[in-house]
Amino acid sequence: MRRLCIILGDQLNLDSSIFNDFDCQQDLLWMAEVHVESTHVWSHKQRIALFLSAMRHFAAEVTLRDYPLHYLKLEQHHFLSLAQALGDCLQTMKPIEVSIVHPGDYRVWAEIKATCENYGIQLNPLHDNHFLSTPADFQAWASERKQLRMEFWYRELRKKHHILMADDKQPCGGQWNYDHDNRKSSPKSGPSALPPLLTLQNDQITQEVIHLVQNRFPSPPGSLSDFNWAISNSQPPHPEMTPVRLEISSKLQPCSNRR
């Protein structure tokens, strides 16, 4: 195997840089559900179910597009951490290289980096194109300032990418933000004229995940009886609700169309 390509639970993007230069004959996508990633931070049961269901739906999507994928479901293995699960696969599959979109969680990055070093396998971190900038961009900007204020960094990015800008220097509407106006509170009676809540149908994958979380994670707070989160853009609303579909385009082609 040339390359093992890791996809984490918060990197479920069909336009991800993990698919750049992906060779369907030599490379393999790798995803894993592990207990520690749902418990190292105290989380609501619905958050756990949301992540696991989204991962399984994404796995189904890339499989439908004929991408080779090694997916470890929580109930199908005994590994407690990503390091354990990844280490077992590295030992068995022996890829030349591991690729991963740089994790946003330093703990996860350090864990994966150490695992690859332990098995003597090269680790190739890729840029996360969810973001408009890189850590190096921010470090360069910060090195020239005595005081760091996030507001000024945001302004720099808006100028650079021309986001809500009237010209190269002035924001649309003449103000950089409206935080002061947004600090006004609602009346004691609460907000009014709210639209009806969109109720979604949970498909078989989500129902299986809900059952799994109820049994595997009894300690975290919360209930799953009213689970009503959007998992994918094709998820249908409740029959009594007006149909809504969020159209999200992707440039990811079926794997058979790639080299």
Side-chain angles (χ1 to χ4, degrees), residues 5-21 34 36-44 46-48 50-51 54-55 58 81-83 86 98-117 122-188 190-192 194 220-222 229-230 246 248-251:
C5 300
I6 300 174
I7 299 177
L8 300 176
D10 59 352
Q11 299 176 344
L12 310 180
N13 178 16
L14 291 173
D15 293 328
S16 169
S17 55
I18 200 71
F19 295 105
N20 296 348
D21 193 37
V34 292
V36 130
E37 292 306 309
S38 296
T39 58
H40 81 279
V41 172
W42 195 240
S43 301
H44 195 288
Q46 293 201 16
R47 180 181 182 275
I48 298 173
L50 176 62
F51 263 90
M55 289 177 67
F58 187 82
S81 67
L82 278 173
L86 178 59
V98 169
S99 289
I100 184 172
V101 172
H102 204 295
D105 188 327
Y106 181 78
R107 173 191 59 84
V108 172
W109 167 244
E111 190 174 341
I112 291 173
K113 183 179 179 182
T115 302
C116 290
E117 289 175 351
Q122 180 181 346
L123 177 60
N124 177 31
L126 305 174
H127 172 60
D128 188 345
N129 54 22
H130 286 107
F131 296 93
L132 295 174
S133 63
T134 67
D137 293 336
F138 179 76
Q139 290 171 1
W141 176 84
S143 66
E144 300 175 352
R145 286 159 178 78
K146 294 182 178 179
Q147 182 189 59
L148 300 182
R149 186 177 298 179
M150 193 61 69
E151 165 72 16
F152 297 146
W153 170 239
Y154 289 159
R155 293 184 189 185
E156 190 75 16
L157 292 180
R158 284 177 61 179
K159 292 177 183 177
K160 179 179 179 179
H161 297 281
H162 203 75
I163 298 172
L164 296 176
M165 297 294 295
D167 53 36
D168 292 340
K169 295 183 178 180
Q170 296 300 318
C172 293
Q175 290 183 233
W176 285 105
N177 65 63
Y178 294 85
D179 290 349
H180 182 271
D181 297 337
N182 292 335
R183 292 191 179 99
K184 295 178 181 179
S185 61
S186 299
K188 292 183 178 180
S192 59
L194 294 177
W229 295 95
L246 178 62
I248 302 177
S249 61
S250 171
K251 299 177 182 177

> When you look at Leu82 and Leu8, which way does the side chain to side chain contact (heavy atoms under 4.5 Å, CB included) test go after all the steps?
Replying inline: CA-CA 10 Å; Leu82 278 173; Leu8 300 176; 4.1 Å; yes
>> Apply side chain to side chain contact (heavy atoms under 4.5 Å, CB included) to residues Ile163 and Tyr154 and explain how you reach the verdict.
In response: CA-CA 10 Å; Ile163 298 172; Tyr154 289 159; over 6 Å; no
> Which is it for Phe152 and Arg145 under the side chain to side chain contact (heavy atoms under 4.5 Å, CB included) test, yes or no, and what are the steps along the way?
Replying inline: CA-CA 11 Å; Phe152 297 146; Arg145 286 159 178 78; 5.6 Å; no
>> With side chain to side chain contact (heavy atoms under 4.5 Å, CB included) as the criterion, how do Leu126 and Gln11 come out once you've worked through the C-alpha distance, each side chain's angles and the decisive distance to 0.1 Å?
In response: CA-CA 12 Å; Leu126 305 174; Gln11 299 176 344; over 6 Å; no
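Listed here is the closest heavy atom pair of Phe19 and Ile7: CZ-CD1, 4.3 Å. Scanning all heavy atoms of the two residues, the minimum distance from Ser43 to Pro220 falls at O-CB, 3.2 Å. Nearest heavy-atom pair, Pro103 versus Trp109, reported as atom, atom and distance to 0.1 Å: CD-CE3, 3.6 Å. Residues Val36 and Ser81 share a closest heavy-atom pair of CB-CA, 4.5 Å.
For CZ of Arg149, the number of neighbouring non-hydrogen atoms (other residues, nucleotides, ligands) closer than 6.0 Å is 12 at most. Annotation: Tyr106, atom OH; neighbour count of heavy atoms from other residues, nucleotides and ligands within 6.0 Å does not exceed 12. Few gaps surround NE2 on His162; more than 12 heavy atoms of other groups in view lie less than 6.0 Å from it.
Of the inter-residue distances, the one linking Cys116 atom SG with Ile100 atom CD1 reads 8.5 Å to the nearest 0.5 angstrom. Put simply, CG on Asn13 and CZ on Phe58 are 7.0 Å apart, with the number rounded to the nearest 0.5 Å. Atom OG1 of residue Thr134 and atom NE2 of residue His127 lie 7.0 Å apart, to the nearest 0.5 angstrom. Interatomic distance, Asn129 CG to Ser17 OG, rounded to the nearest 0.5 Å: 5.0 Å. In this structure, the separation between CD on Glu151 and CD on Glu156 is 12.0 Å, given to the nearest 0.5 Å. Distance CD1/Ile48 to OG/Ser38: 5.0 Å, rounded to 0.5 Å.
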List the atom pairs, donor and acceptor, that lie under 3.5 Å between side-chain atoms in residues 164-172 and the rest of the protein, sequence neighbours left out.
from, atom 1, to, atom 2, distance (Å)
Asp167, OD1, Lys169, N, 2.8
Asp167, OD1, Gln170, N, 2.6

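Using a 4.5 Å heavy-atom threshold, the side chains of Arg158 and Trp176 count as touching. Using a 4.5 Å cut-off on side-chain heavy atoms (C-beta onward), Val41 and Arg107 make no contact. Residues Leu132 and Lys160 are not in side-chain contact: their nearest non-hydrogen atoms beyond the backbone lie 4.5 Å or more apart.
Qualifying ring-ring contact (aromatic ring centres under 6.0 Å, His included) partners for Trp153, counting only residues two or more places apart in sequence or in other chains: Phe138, Trp141. Legend: residues meeting ring-ring contact (aromatic ring centres under 6.0 Å, His included) with His130, ordered by chain and number and at least two apart, are absent.
Side-chain contact, Gln46 with Trp229: a donor N or O sits under 3.5 Å from an acceptor N or O.
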